[in-house]
Amino acid sequence: MQPVLAADALGLGLRSVHYRTGWESSPAVDYVELIAENFLSDAQPPRYHLDQIMERYPIVLHGVGLNLLGPEPPDARYLDRLASLAEYVRAPFVSDHLCWTGAHGHHHHDLLPAPYVPELVELAAERASLVQAHLGRRFALENLSSYVEFTQSSLSEWDFYSGVVRRAGCFFLLDVNNIYVSSQNHGFDPEQYLSAIDFSRVLEVHVAGHSRDPDGSFVDTHDRAVCEAVWQLYERAWQRGGPFPTLLEWDEHIPAFPALLSELSLARKHQL
Amino acid sequence: MKPWPSSPSWLVELQRRFGEMLRTPLDASGSALRAAPESYDPTLIQATCSPANGAPAARLAVYNRQYWFRLLTVLQRAFPLTARLLGFWHFNQYAAKYLRLNPPHDWDIDTVGAGFAEFLRGTLRAGELELGGTRRVACAALLEAAQIDAAYHAVFRAPAVSAYQPTAADSERLLRGRLRPSPAVALLSEHWPLCEMRPRALASAGETPLSLAARLAEPQCWLLAREQLTLRLWPLAPRQAELLELLRQDSVPNALARIEAQCSPAERGELARHVREWLAQSVQLGVWTGLDD
């Protein structure tokens, strides 16, 4: 039986640097999120750590390589391994992004946007539905942070995102930092984004830090604390649809566990 | 799984253009790597917009930079000794050339550097490489460093394996069989004290080149083996390293015959005893996973 996360669970995105430090103290988090691709190869060390982590925490899996909107079908080996891994860790759900990551045989290792048009709502929904069926468990799509929009788009990002999730019968992994970053880059009201989300289908909310490039672009860097504006947006999301599990992502310049836990605990102050 | 629905042709074309933009090399003519949006496909630029601030091409440049810096960082982390011998600036030039020829094709980003050591072997000329000012580094040392980094990466990422545990019944089979090498073990050879330098390269902050110590009087061989999650080095005598390499390539009797042929008459007197010790040690260190007939 898959573990069930508490409705207001607080989780941490666990990264490889954490495996070498801090496990003895069993940091006080309700669950952890692992980047699925780090555990899909045959390499032994990640598997060893996985078993250690499983003993202490419920695990949710977060993918970055599905390539949902890519031109080629996903690698069958990838999907089979993902399904096996999810089964092994008894993941309550698996997530990836509403984006494309590669094309024409290249894997770009980035989360790339596509035009927001009805035709792609249908396509992404059909594909997400297939993925969810293949995984045999709940599958959530995360919204992107993006730096460009396409002139071809005829839908807002939130209508596109909501349309895909609704049609696919899958779920939202709502990243409020990504909403904020994109709202600053594209000049939309993040409140309007939240108003389009059916919170009954939100499995998890991500918070993270971002930075600003010299040219003014807001960039989703996950390399610092969550800024106050994002916490405010999180608070409004909570008012609209809380409780929901909340996860802190911090991928670069990662501080020690006490600082991470302190940052994560700020979520409680914004659950008003 | 049911058939994967096809993308519309316009999306495929847009993604082709976007992918080419991502792979556009960064300009290294200044003191820092910078994107060159003026070289992006105008059709792609016209297809994008950024209402809030910044020109679309400048926004595309964010993706272009991210693509390169992510991959360069992966290579710097996979080849820490090579990166610090060259310094990050020079390392990035070689890494970028390699990535232009070998862009990633796999979802596993850790495989990106799989051919980098081989690429350097085909790229670096004999002699020394100038690193700016009075700094120079021997190309042969760089190639050894890249081989050592690649070996560390491969051994660490090897799957879980069970070490070969010979039984009494194997003594006959050993005389005609072939030992199966463990993927969690590598043989290293160095002419500079690179294995000693590697932990310092990992521990020291900064991007500038580290000085290379003097060339060793004699080459040093090592066995790199993973024990649980730790990588350990064991010094090997030259003949011991030769024997292990021969055993990885050939059957036990052929390897023994070849090592004997390479020994001087004086060495042959002690060879049988040494071979027994070296084989026993190799089994103890988990160099083999089995014995094939």
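Every chain is numbered from 1 and lettered A, B, ... according to where its sequence line falls, protein lines coming before strand lines.
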Item to check | Any side-chain heavy-atom pair of B:L14 and A:P115 under 4.5 Å | outcome: yes
Checklist entry - Between B:L229 and chain A, which part of the residue has a heavy atom less than 4.5 Å away: side chain, backbone, both or neither? => result side chain
Item to check | Shortest non-hydrogen contact from B:T48 toward A:T151 | outcome: O-CG2, 4.0 Å
Checklist entry - Given the options A:S41, A:G65, A:A103, A:P73, which has more heavy-atom pairs under 4.5 Å with chain B than any of the others? => result A:P73
Checklist entry - Are any of the side-chain heavy atoms of B:R226 and A:P45 separated by less than 4.5 Å? => result yes
Checklist entry - Hey, are A:E119 and B:W10 close enough side-chain-wise for a donor-acceptor pair under 3.5 Å? => result yes
Checklist entry - Is A:H106 reaching over with its side chain to a backbone N or O of B:H105, donor-acceptor style, under 3.5 angstrom? => result no
Item to check | Any B:W4 side-chain heavy atom under 4.5 Å of A:P74 side chain | outcome: yes
Checklist entry - Looking at A:H104, A:H107, A:E72, which one has more heavy-atom pairs under 4.5 Å with chain B than the rest? => result A:H107
Next on the checklist: Run A:D110 and B:R70 through side chain to side chain contact (heavy atoms under 4.5 Å, CB included) and show every step you take.
Outcome noted: CA-CA 9 Å; A:D110 202 353; B:R70 178 174 289 113; 3.5 Å; yes
Item to check | Top of B:A184, B:S6, B:P103 for chain A proximity - count of heavy-atom pairs under 4.5 angstrom | outcome: B:S6
Checklist entry - In this structure, are over 12 heavy atoms from other groups packed under 6.0 Å from B:E118 atom CD? => result no
Item to check | Heavy-atom pair of closest approach, residues B:L11 and A:A114 | outcome: CD1-CB, 4.4 Å
Next on the checklist: Looking at chain A, which one of B:Q228, B:R23, B:Q66 has the largest number of heavy-atom pairs inside 4.5 Å, strictly under?
Outcome noted: B:R23
Checklist entry - Is a side-chain N or O of A:R127 found less than 3.5 angstrom from the main chain of B:P5, in a donor-acceptor match? => result yes
Checklist entry - Contact part of A:L68 toward chain B, heavy-atom cut-off under 4.5 Å: side chain, backbone, both or neither? => result both
Checklist entry - Looking at B:A160, B:A158, B:P104, which has the largest count of heavy-atom pairs under 4.5 Å with chain A? => result B:P104
Item to check | Under 4.5 Å from any heavy atom of chain B - which part of A:L120 | outcome: side chain
Checklist entry - Take atom CZ in B:F69; do more than 12 heavy atoms of anything else shown fall under 6.0 Å from it? => result yes
Next on the checklist: I'd like to verify something: which residue of A:A76, A:G102, A:G70, A:A133 has the highest number of heavy-atom pairs under 4.5 Å with chain B?
Outcome noted: A:G70
Checklist entry - Would you say the side-chain atoms of B:R59 pair up with the backbone N or O of A:S217, donor to acceptor, closer than 3.5 Å? => result no
Checklist outcome for this item: With chain B, the option among A:V117, A:T101, A:V219, A:L130 that has the most non-hydrogen atom pairs under 4.5 Å is A:L130
Next on the checklist: Just checking A:R167: does its CZ atom have more than 12 heavy atoms from other residues, nucleotides or ligands closer to it than 6.0 angstrom?
Outcome noted: no
Next on the checklist: For A:Y147, is there any backbone N or O sitting under 3.5 Å from a side-chain donor or acceptor partner on B:Y63?
Outcome noted: yes
Next on the checklist: Regarding B:R65 and A:D213, does a basic nitrogen lie under 4.0 Å from an acidic carboxylate oxygen?
Outcome noted: yes
Checklist outcome for this item: So, the part of B:I109 with a heavy atom under 4.5 Å from chain A: the answer is both
Checklist entry - Hey, which of A:E37, A:E126, A:H108 has the most heavy atom pairs under 4.5 Å with chain B? => result A:H108
Item to check | Top of B:P8, B:G19, B:A47 for chain A proximity - count of heavy-atom pairs under 4.5 angstrom | outcome: B:A47
Item to check | Largest heavy-atom contact set with chain B, pairs under 4.5 Å, which of A:V64, A:D42, A:L69, A:L66 | outcome: A:D42
Item to check | Spatial distance of atom CG (A:D75) from atom CG (B:D108) [nearest 0.5 Å] | outcome: 11.0 Å
Next on the checklist: I'd like to know if A:R77 pairs up with B:D106 as an ion pair, taking the criterion as any Lys NZ or Arg NE/NH1/NH2 lying under 4.0 Å from an Asp or Glu carboxylate oxygen.
Outcome noted: yes
Checklist entry - For B:R157 and A:Q44, does a side-chain donor sit closer than 3.5 Å to a side-chain acceptor? => result no
Checklist outcome for this item: The interface call for B:P3 against chain A, heavy-atom contacts under 4.5 Å, is backbone
Checklist entry - How far apart are the closest heavy atoms of A:P71 and B:S7, and which atoms are they? => result CA-OG, 3.5 Å
Item to check | Which portion of A:Y78 sits near chain B, non-hydrogen atoms under 4.5 angstrom | outcome: both
